[in-house]
Amino acid sequence: AMVATRASDERGTAQKVDVAVVGAGFSGLYLLHRLRKAGFSAVGLDEARDVGGTWYWNRYPGARCDIQTIDYSYTFDPELETAWTWSEKYATQPEILRYLGFVADRYDLRRDIRFKTKVTEARWDEASERWLITTDNGPPVSCRHYIMATGCLSAPKPPEIDGVKDFKGEVYFTGRWPHDGVNLTGKRVAVIGTGSSAIQSIPLIAEQAAHLTVFQRTPNFALPAHNGPAPADRMNLLQSDRAAYREQARQSMAGVPYPQQTVVSWQLSDAERRERFERAWAAGDLVHILTQLWADQAVDLDGNKIVQDLIREKIRAAVKDPETAAALMPDDHPFGAKRPCLDTNYYATYNRPNVTLVNLRKEPIKAITASGISTNGRSFDLDVIVFATGFDAMTGAIRAVHPITGRGGKSLSDVWAQGPQTYLGLTVEGFPNFFMITGPGSPSVLSNMAVSIEQHVDWVVDRLAALRDAGFTTIEPTETAQAGWNRHMADCSMLTLHRLANTWYTGANVPGKVQGLMPYTGGVGPYRSICDEVVSRGMLGFKLT
Ligand code: FAD
């Protein structure tokens with residue numbers, strides 16, 4: 001009774017809209033634009049002070065995209081495409097943030113967004129068939145549809161090491177970098193982690209710091225970005241037929257318009273393989289090297305091993321000290337099974353006299369102390385510790401809204417106790433009118449996310465409009481459809497090598513997180529066809545009321 005009273009009190013003062021969108025990044029902005037055009041009233045809610053999402057929060061030195069920026073862009077409006085020109089093949093964080101601000105201005109989106117507002121709870125009210133969204137700032141929101149555009153990589157992982165609070169120096173997280181920047185000149189700096197953010201920032205931090213010590217648990221494969229202007233061949237392809245270029249991306253496996261390879265490694269000679277590899281290395285392009293060498297590299301350990309060996313050879317050549325080179329060579333996962341990184345001078349940075357690599361596999365961290373970090377062999381005096389320790393990926397931001405209560409008082413965290421259960425990665429049984437953009441069970445982080453985000457947003461907004469026009473109020477997947485999708489997810493996961501690595505794709509980076517491959521490995525194009533088929537077969541797998 002208490003709960004009911006509170007809810008009705010809140011409803012009295014609640015902001016009433018058709019749709020609440022949590023998140024004002026790439027996903028939330030496009031959602032607000034599409035919803036408005038489709039005639040829905042909507043509010044955006046974001047903890048941040050402005051738009052941008054990922055590109056608002058991640059301001060560490062060297063932060064960039066690692067999908068070519070001409071591909072990592074909105075494609076829904078050809079006029080927007082011609083109104084904006086990227087200055088580099090891989091744009092920096094400030095430029096991407098400016099772009100998202102430009103988009104927000106162009107479509108006048110900020111007026112519908114409540115910034116500095118964190119969503120704390122969400123409750124489905126069966127009587128009114130509406131969601132009630134509680135926030136930490138301002139009135140709650142009562143909405144027909146609740147869409148979480150909260151990001152796959154937006155919940156930074158808390159440090160797992162004792163003593164962080166005892167440290168007397170400065171502490172930073174790459175995912176929450178101060179907006180005014182950080183002066184590291186002349187300081188003794190530690191970077192903990194060697195994932196993508198670390199690999200991007202380490203070369204720049206090393207240039208500033210008096211000394212940089214990198215603490216590495218798992219080495220990653222990194223490839224040179226060869227940044228510069230957008231490559232002429234890609235620009236020509238895009239400009240000669242923009243529509244066809246974008247359509248090829250939408251139908252591709254990874255959301256970038258490259259042809260599907262059919263040649264397998266053993267059909268090529270050593271010399272042919274090396275030639276392909278060297279071309280890929282020189283291209284400075286993750287999707288190229290992940291998809292264009294030979295068809296078996298992503299699906300077969302033998303085909304993959306050849307790529308691994310060729311990259312390890314590059315690391316050996318780049319790093320002068322053999323022990324450091326050996327420590328930097330990944331040997332516990334197939335190439336591509338963990339997110340590979342793009343770098344600018346990463347390996348060469350270890351040749352600098354002011355850079356030390358500590359291999360935590362041999363020398364684990366014992367504690368963070370008042371003066372620095374001690375391992376079980378040494379202690380390092382430090383002025384600054386940078387945590388580049390990654391994110392509670394894919395489910396972290398969704399589960400941080402707690403509870404999300406669906407039909408019959410069911411809580412999402414209970415339903416997901418054994419791992420995320422979804423239909424199409426978009427919806428959950430028992431949670432009517434609830435949607436996730438790039439949720440677990442969708443291609444999401446295994447794709448160019450700009451393409452995946454547009455597909456999700458278009459699909460969701462088109463469905464909401466169709467529902468409304470047909471006079472329906474609620475949409476929810478059936479138990480059978482959800483079980484079937486989970487089965488299909490499991491089948492697809494057997495087709496690639498992602499399941500063979502302990503990564504943030506599988507939840508292995510977060511202590512206590514349920515293990516299991518979270519993104520859909522069937523590919524962006526096939527996934528799109530499935531979503532379209534669900535519609536063409538009369539909303540197969542959904543209950544509408
Ligand atoms: P986000 O951009 O993460 O936005 C989510 C927003 O939701 C955030 O602003 C957050 O504050 C807000 N939010 C979350 N929970 C709440 C809550 N409870 N209440 C209120 N607000 C909330 N992808 C690529 O495809 N190519 C790349 O090159 C690439 N580079 C990347 C580089 C970095 C450093 C990182 C971290 C990610 C990168 N990604 C890349 C992935 C990137 O996250 C996506 O491409 C895309 O930006 C996601 O957009 P989004 O709107 O879905 O989520």
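Order of listing sets the numbers, starting from 1, for every ligand and every atom in it. Because only heavy atoms are used, hydrogens play no part in the values below, and waters and symmetry mates are left out as well, while side chains stay in.
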Hey, which of Ile199, Ile202, Thr174 is the one that makes side-chain contact (heavy atoms from CB on, under 4.5 Å) with Val191?
Ile202
Under a 3.5 Å threshold, yes or no: a donor from one side chain and an acceptor from the other, between Tyr30 and His456?
no
Determine yes or no for a side-chain-to-main-chain donor-acceptor pair under 3.5 angstrom, with Arg130 supplying the side chain and Val17 the backbone.
yes
Below 3.5 angstrom, do we get any N/O pair linking Met449 and ligand 1?
yes
Is the Trp177-Tyr60 ring centre distance short of 6.0 angstrom?
no
Report the relative orientation of the aromatic rings in Tyr72 and Phe26; use parallel for angles under 30°, tilted for 30 to 60°, perpendicular for over 60°.
tilted
Part of Trp57 within contact of ligand 1 (heavy atoms, under 4.0 Å)
side chain
Check Tyr60 against ligand 1 and report side chain, backbone, both or neither, counting heavy atoms closer than 4.0 Å.
side chain
Taking atom 3 (O) of ligand 1 as the point of reference, which of Asp71, Thr54, Asp46 owns the nearest heavy atom?
Thr54
Parallel under 30°, tilted from 30 to 60°, perpendicular over 60°: which one fits the rings of Tyr527 and Trp485?
perpendicular
Using a 4.0 Å heavy-atom cut-off, say whether Val22 meets ligand 1 through its side chain, its backbone, both or neither.
side chain
Give the contacting part of Ala149 toward ligand 1: side chain, backbone, both or neither, where contact means a heavy-atom distance below 4.0 Å.
backbone
Is Val119 touching ligand 1 with its side chain, its backbone, both, or neither, if touching means heavy atoms under 4.0 Å apart?
both
Would you tell me which option among Ile453, Ile67, Leu286 has the nearest heavy-atom contact to atom 26 (N) of ligand 1?
Ile67
Proximity of Phe26 to ligand 1 by residue part, where a heavy atom lies under 4.0 Å
both
Pick from Ser27, Gly25, Gly23, Gly396: the one approaching atom 50 (P) of ligand 1 most closely through a non-hydrogen atom
Ser27
